[in-house]
Amino acid sequence: MFDSLAEKLQATLSDVRSRGTLTEDDVNAAMREIRLALLEADVNFKVVKRFTNAVKERALGSDVIGQLNPGQQVVKIVNDELAELMGGESAELRFSSSPPTVILMAGLQGSGKTTATAKLARLLREQNRSSVAVAACDVYRPAAVEQLITVGARAGADVYERGTDADPVEIAKWARERAEREGKDVLIVDTAGRLHVDENLMKELAEIKRVTNPTNVLLVVDAMTGQDAVNVAEQFAEVVQFDGVVMSKLDGDARGGAALSVKSVTGKPILFASTGEKLDQFERFHPDRMAQRILGMGDVMTLIEKAESQFDETQAKELERKIRKSEFGLDDFLDQLRQVRRLGPLQSLLGMMPGLGGHQLRNLRVDEREFDRIQAIILSMTAEERRNPDIIKGSRRIRIARGSGTNVQAVKALIRQFGQMQRLMKSMQSGKMPDIGALMRQAR
Ligand SMILES: Nc1nc2c(ncn2[C@@H]2O[C@H](COP(=O)(O)OP(=O)(O)OP(=O)(O)O)[C@@H](O)[C@H]2O)c(=O)[nH]1
Ligand SMILES: [Mg+2]
């Protein structure tokens, strides 16, 4: 899903990320690319304009924060704004304080209402341990009731149906009363679709809404229809109040325009995403995670956040003090390595290390085992050797190599690099992290 958009945004942003410094022209160029990518993804053009303006304003207005380089900040801004575009916070279903919670499903013909009804029933049964009934109020298509009986049963829900002869409003009223009587936690009402948003459909929906008094009205829209889905949602919003959107068939949507625009255009959040024909291909919609998925940087975003919280000020100050006083030894180095490692995969991590821009990163293939090797070498040293690596010569070197399962060259390289790093640190004012990338290249 969102394949082509993801690819384009990722390419643009990886270019931005790799720059040490960013000029206004760089930002403008990136915004042009992003605008094109979004338009090609069939995102509403007003939404695109608002989006790129917001990103640009923030990108140009922000200072360099902490250890992140400006390119990475632009990436973070795009990520934040993408999430914001899709609603920011994840929207939740409302639950009634006096059961049943009634969920009314609306939408055009073939949008995926019946499928979503069963999927939602399953999700609420599994995740909330709710007892769920579904009501078959589509009496126009003979097979519709049969379909709900089949998928409803598979989802473990009671199916309330009265065939195709009864009036849908009557069925809805009866189903609500029955759910109340039978003590169901949740009643999901499946309704009939139409080809277009027409008056009859709206009248019937309004009636069903009146007699069931739903806690949530969900509009199911087909993501594959792109901006049409958004237009339909807009038309619905004018006549029937709905609370949120179920975005169906996201699996077949390579562009993503509907998912990206619908909140912005209708003001209604996406609550659920349907991503396949199987019952369990249905999930709560989280704008932030979706943004990260589109940018292909779930890990990096998490890491940036982790880094922001991990490299706290106190630690940075202590590190700075040690460096200033030339007290930074191999023990501290190992501490740093371990701290870094807790954050996650090295390859993505190194890109956000100060002094390691993206262009360096691209040439750097990190083998996670390097970490183990460096750690093993340092751990094979005595405390004295770690404080004062200069004494590591001859037989000490052989002992350490043997103890760490490496060789004398590796030990030598590490100590030489550490020496260089110490000298570099002495000349540095701030408590930056050492250039671990260079160290690893040399230690190999
Ligand atoms: N790939 C994919 N197919 C889906 C998804 N959701 C529904 N479908 C398929 O889309 C078709 C229509 O789904 P329904 O749930 O019957 O749609 P509906 O809105 O109830 O249709 P009507 O009752 O005719 O108005 C079916 O073939 C479903 O299997 C989805 O998330 N992904
Ligand atoms: Mg249906």
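We count ligands from 1, going down the list as the structure has it; atoms in each ligand are counted the same way. Residues take their numbers from the sequence shown, with the count starting at 1.
Look at T117 and the Mg ion (ligand 2): no N/O/S atom of the residue is under 2.8 Å from the metal.
Ion pairing of E126 with R122 is present here, as a side-chain N (NZ or NE/NH1/NH2) and a carboxylate O approach within less than 4.0 Å. Salt-bridge formation is not detected for the pair E207/K203: no Lys NZ or Arg NE/NH1/NH2 atom is positioned less than 4.0 Å from an Asp or Glu carboxylate oxygen.
Residue pairs that meet the ring pair (Phe, Tyr, Trp, His ring centres under 6.0 Å) test with at least one member in residues 263-291, sequence neighbours left out, are F272-F282.
Protein residues with any heavy atom under 4.0 Å from ligand 1: L108, Q109, G110, S111, G112, K113, T114, T115, K119, D138, R141, Q147, G193, K249, D251, S274, T275, G276, E277.
Applying side chain to side chain contact (heavy atoms under 4.5 Å, CB included) to L218 and the options L120, T117, V245 leaves one that passes, L120.
Side chain of R125 to main chain of G156: a donor-acceptor pair is present (N/O by atom type, distance under 3.5 Å, no hydrogens or angles).
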In sequence, state the C-alpha distance, the side-chain angles, and the governing distance for K113 and D138, and then conclude on salt bridge (Lys or Arg N to Asp or Glu O under 4.0 Å). CA-CA 10 Å; K113 291 177 299 299; D138 179 0; over 6 Å; no
